[in-house]
Amino acid sequence: MSLSREIYNELAAIVGSAHISDKPHILAGNRAKTPDYPMEYKSAEAIVRPGSVEELQAIVKLCNKYGIIFAPMVSGVMPTAFASRPNTIIIQLSRMNRIVEINEEDRYVVIEPGVRHVQLYPELRKRGFSYTAASVGPGGSVLANFTSTSGDHHTQHGNSRANRYLLGVEMILPDGEIIRTGSLQTGSGWFCPDGPGPGLRGIVKGYNGNHAQFGIITRIAIAIDPCKGPAEPEMSGISPHHTVRMNTPCSKVIIYKFKDIDHLRDAMIKTGEAEIGSTVIKYFYLPATLMMTDSANDFWKMWTDEHKAELTMPLIVHLATRSEEEMKYEETILHDIAAELGGVRIKREYEEWWENHMDFFMIVSRLQSVLRLGGGWAPIKLASDSVAHICEVGKNINNFIHDFTDTGKIFDAPEDYQIIPMEYGHFAHIELLIMWDRTDPNVMKGVGEFRAASRQTDIDNHFHAEMPVFLSPGSMQIGPLYSNFHIWLKQLKEAFDPNNVANPMM
Amino acid sequence: MYYPKSKAELQEIIRAAREKGTPLVPVSSGTPHIHGISANEKAETLDMSKMNKIMKISRDNRYARVEVGVTFGELIPEMKKNGLRLNAPFLPRANKSVITSALEREAVLVPKYQYDYTDPLLTMEVVFGTGDDFRTGSASGPGPYEELKADMVSPWGPGTVDYQRFIMGAQGTMGIVTWGTLKAELMPTKSKLFFVEAEELSVLTKFTNELLRYRTLDDCIILNSVNLAKAFSDTAEEEQDILKRAAPWTFICRICGFDRYPEKRIEIYESYFADICQKHGIEFKSAPFGNLELAAKIDSMLWDCDRRETYWKVKKGDVREILFLTPPSKVPYLTETLKNAVSAHPAEDVGITLQPQVQGRAFRIECDLFCKSSADVEELAFNAETGLLKNGAYFDRPYSNICQEVYSIDPVGTESLRKIKNIFDPDGIFNPGKLCF
Ligand SMILES: Cc1cc2nc3c(=O)[nH]c(=O)nc-3n(C[C@H](O)[C@H](O)[C@H](O)COP(=O)(O)OP(=O)(O)OC[C@H]3O[C@@H](n4cnc5c(N)ncnc54)[C@H](O)[C@@H]3O)c2cc1C
């Protein structure tokens, strides 16, 4: 079904004809473009680019009236930002890209959806502040990162995931009405997400975001914190041959490798108990290697057993302190912990790589190189619980992954999972990253089997290792295992979006 | 009055109440119920105090899971035995339920450990008005509670909705919580208390706002002389003595060290503290008005709850609290507004406490109007609340009459909350008339 001319004209009247298109080549260029899956994607019926909340509200009201599905988009990194079914328009929000307020005294910023990390991060850094930026890279929308995705990030050991930093939210419901959460609801400012009484913040985001299934978010406030270290890191070279350094004695990267996940776990817990370290992370060794190299040839040269041994069980620690004395204190504790647990310092050249790429701890400008090999990739598991439980989940991966890595169904990197503790080790997040050869016509069958095996192992072991996502046929299936959340989620969706127009997945 | 002892009994009571249309009002703490129990005369009380098991305390993973009837008086010593402390409110009464305190988003003593307003409550089990049970966050599954290997500490979800945020702050209108998991912190091996006294509150709030950015302080609280005297005295003479000698405002904070090099940590953090004091022209002391005995008493009381026969807030008979949140920048203005609004009440009966929350991003301001009966000061308090609301104070936990004012500001928001209520308590049996339902 294509949009009628009348509706198209009504949309054009809202945004102006320069900001709407249904030209086939424009629509074709805006199909979901992840190279991971050899799939055919649908085109939207039109793309509209509102410039204000009022225009956006009028578009949503119109969609609700005529039963047209809408999917909001900023950079379109996520496939959920595109048309997944007929009768869909894409609402491209990149014109709404104002940093509305930077409030240094009360430590928050208010932003529109189109604000990217590359826009916000430097603006804050030069004022001595930073925020919890995802590793999506500079082009990602900060708002989509905070509201639509997991919000986990590299530096959450010393702070937390984005959920904790999402403050006031202004959102257009699927019927076009605007809600404001927390203190905004009573006109008391942006600072508090919760209440009055029970809060509407609950429908904005749970463990992960709902990808506009309850409406379009127009402005959010996020909490900011002073950053330790110089406001401007030293940069040189041109990407991807660039370096970003913190030339100060108050910033240091120290990496220890451990015999196994049990020892790594204990080291994570002990650094958390001592409340030291700005970043503590067991990072994936495959993306780490991709980030360290510039081409497939370089990658294969580096991907040796000796290299893998260095990065299989690493505890990557970034110490950032306010004084040299504090640095000495934190370093001493870290070395003590490593010594107690048999940690071995890895080759200095690896530590140097991280020290030369401090963007890993900021807005991660290099991570897009994960895609560079041209392979398909997907994050699997994605859940959080105590460090101990999450490490148990990680340990168990070895019990089922070899059937897939040894047979070439997925890339042979069985330890390619990351664990990032947060709130000084009160919880940790896990992500298993798998890659595959997308030129192989049968590959998706193997990947599907792997996903199923991973999920089944966790269910059989009673591990909390894969948090269900948004309302979809998949979540209806696993809902009974997760407190029947699917029943409540469906009722909430029906109450707020009776016409099922807000980016439905079922 | 019902006293369920298990989830199954609770579900049965809810089913029967639903059939008969009997409203249920849950309580979990012992008396006094400062914000009143029931707004509905036909309601039956659902007393949860018999569900009072400490289910698990984990030193290694730093949490405690307890049933809703467990009180601060019971839990704090058990935590200590395990080398742990709760991020608890300031001197809660010993018979107060630990879980309902967190459900109410009561202010906690250590802002640096609080990452958002739901902290330190991590996960919970709740029975909705339909009789269905539900677990939040990583307690949600997969599978039944008894089989789940997770520690059930991750607060978010399940899935894309934060169900705990519908239940917290709901004053029992959305569902009845049976147990909750609370974040715990390690008991320090060494700690040091500091005091700053000030004539003007604005001096302290500005300095606190900078100080908390360092994330080096544990306990952190500001009290006016009335609340300092009421909270930390055991006799009327002692109270009068503190009241006479204390500065109008006292800031109290603590710096801690843990197992590894605790002295060094305290030394480094104290040097940061001293630098900031110097920058603001502030002198810090080891005791209020040189009273070392009082300092030692405060030090030990801050680790515990109020175990005295008469809870410190009701020494006079009753108390009417005015509670709101505000970002740091608005603290001086709103505190002045508050003081003016309650100036008709005798000054020696106006206690004010300010607690920086969520890493210092906001302050919870609490005004305690000490009185014989709260009914006597209701009009004064309500007028003060109305004025504060107009001036931007955020009543995130609206009690009594101010509720209506709060919920009338944004009809779309209020209607949206009602949609949620209709899902989780479709027959409206939980605490009807309490909030906007
Ligand atoms: C290599 C890579 C690494 C990543 N790492 C992380 C990570 O470490 N942590 C993490 O949390 N995420 C991560 N992500 C996900 C990433 O954060 C998000 O995909 C990104 O922030 C989205 O930005 P975008 O501009 O591309 O959003 P889009 O793809 O345009 O949108 C993302 C989703 O948000 C919805 N959306 C967009 N705007 C709105 C709005 N205003 N209201 C409601 N819904 C809206 C869209 O419909 C879509 O469903 C990663 C992604 C990639 C590709």
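Any value given below was found using the heavy atoms of this structure, including those in side chains, with hydrogens, waters and symmetry copies removed. On a predicted model such as this, the values are computed, not experimentally measured, just so you know.
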Item to check | Trace of the side chain to side chain contact (heavy atoms under 4.5 Å, CB included) decision for Leu489(A) with Thr160(B) | outcome: CA-CA 8 Å; Leu489(A) 181 57; Thr160(B) 56; 3.9 Å; yes
Looking at every heavy atom in both [X] and [Y], which two are closest together, and how far apart are they?
X         : Y         : answer
Arg213(B) : Pro226(A) : CB-CG, 3.6 Å
Phe463(A) : Pro142(B) : O-CD, 3.1 Å
Val412(B) : Ile178(A) : CG1-O, 3.5 Å
Phe485(A) : Tyr163(B) : O-OH, 3.5 Å

Heavy-atom cut-off 4.5 Å, strictly under: side chain, backbone, both or neither for [X] against chain B?
X         : answer
Tyr329(A) : side chain
Ile337(A) : both
Ile224(A) : backbone
Asn103(A) : neither
Ser148(A) : neither
Ala383(A) : neither
Tyr108(A) : neither
Ser384(A) : both

Checklist entry - Does the pair Leu325(B) and Phe191(A) meet the rule for a side chain to side chain contact (heavy atoms under 4.5 Å, CB included), with working shown? => result CA-CA 9 Å; Leu325(B) 277 175; Phe191(A) 72 103; 3.9 Å; yes
Taking atom [atom1] as the centre, does [X] end up with more than 12 heavy-atom neighbours from other residues, nucleotides or ligands that are less than 6.0 angstrom away?
X         : atom1 : value
Lys490(A) : NZ    : no
Lys270(A) : NZ    : no
Gln404(B) : CD    : no

Side chains of [X] and [Y] in contact at under 4.5 Å (non-hydrogen atoms):
X         : Y         : answer
Pro198(A) : Ile420(B) : no
Tyr207(A) : Pro155(B) : no
His426(A) : Val153(B) : no

Could you check whether any side-chain N or O of [X] sits under 3.5 Å from a backbone N or O of [Y], counting only pairs where one atom can act as donor and the other as acceptor?
X         : Y         : value
Arg201(A) : Asp162(B) : no
Asp106(A) : Ser329(B) : yes
Arg107(A) : Gln359(B) : yes
Arg105(B) : Gly197(A) : yes
Asn209(B) : Glu105(A) : yes
Ser138(B) : His464(A) : no
Asn61(B)  : Ser386(A) : no

Say you draw a straight line from [atom1] of [X] to [atom2] of [Y]; how long is it, rounded to the nearest 0.5 Å?
X         : Y         : atom1 : atom2 : result
Leu200(A) : Lys419(B) : CG    : NZ    : 10.5 Å
Thr186(A) : Tyr394(B) : OG1   : OH    : 5.5 Å
Asn484(A) : Phe134(B) : CG    : CZ    : 9.0 Å
Ile179(A) : Thr414(B) : CD1   : OG1   : 11.5 Å
Leu417(B) : Gln185(A) : CG    : CD    : 5.5 Å
Lys264(B) : Glu325(A) : NZ    : CD    : 3.5 Å

Item to check | Pair Glu275(A) + Arg265(B), salt bridge at N-O below 4.0 Å | outcome: yes
Item to check | Pair Asp225(A) + Arg361(B), salt bridge at N-O below 4.0 Å | outcome: yes
Next on the checklist: Between Tyr272(B) and Glu326(A), is there a side-chain donor-acceptor contact under 3.5 Å, judged purely by atom types and distance?
Outcome noted: yes
Checklist entry - Taking atom types as modelled, is there a side-chain donor on Ser140(B) or Ser483(A) under 3.5 Å from an acceptor on the other? => result no
Item to check | Partner residues of Lys421(B) under the side-chain contact (heavy atoms from CB on, under 4.5 Å) criterion, sequence neighbours left out | outcome: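 Testing Lys421(B) for side-chain contact (heavy atoms from CB on, under 4.5 Å), a comparison that skips the adjacent residues, returns Thr173(B), Met174(B), Asp425(B), Phe430(B), Phe437(B).
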Option that, when pairs with chain A are counted at under 4.5 Å, heavy atom only, ranks first among [options]:
options                                    : answer
Thr136(B), Thr326(B), Asp133(B), Asp259(B) : Thr326(B)
Lys206(B), Gln357(B), Glu185(B), Glu415(B) : Glu185(B)
Asp396(B), Thr118(B), Leu389(B)            : Asp396(B)

Checklist entry - For Asp116(B), which of Arg164(A), Lys205(A), Arg161(A) qualifies under salt bridge (charged side-chain N to carboxylate O under 4.0 Å, His left out)? => result Arg164(A)
Next on the checklist: Would you say the rings of Trp488(A) and Phe166(B) are close, in the sense that their centroids are separated by under 6.0 Å?
Outcome noted: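 No, the ring of Phe166(B) stays outside the 6.0 Å limit from the ring of Trp488(A), centre to centre.
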Item to check | side chain to side chain contact (heavy atoms under 4.5 Å, CB included) between Asn163(A) and Tyr115(B), intermediate numbers included | outcome: CA-CA 10 Å; Asn163(A) 282 49; Tyr115(B) 289 84; over 6 Å; no
Item to check | Residue pair Leu148(B), His389(A): steps toward the side chain to side chain contact (heavy atoms under 4.5 Å, CB included) verdict | outcome: CA-CA 11 Å; Leu148(B) 196 55; His389(A) 182 64; over 6 Å; no
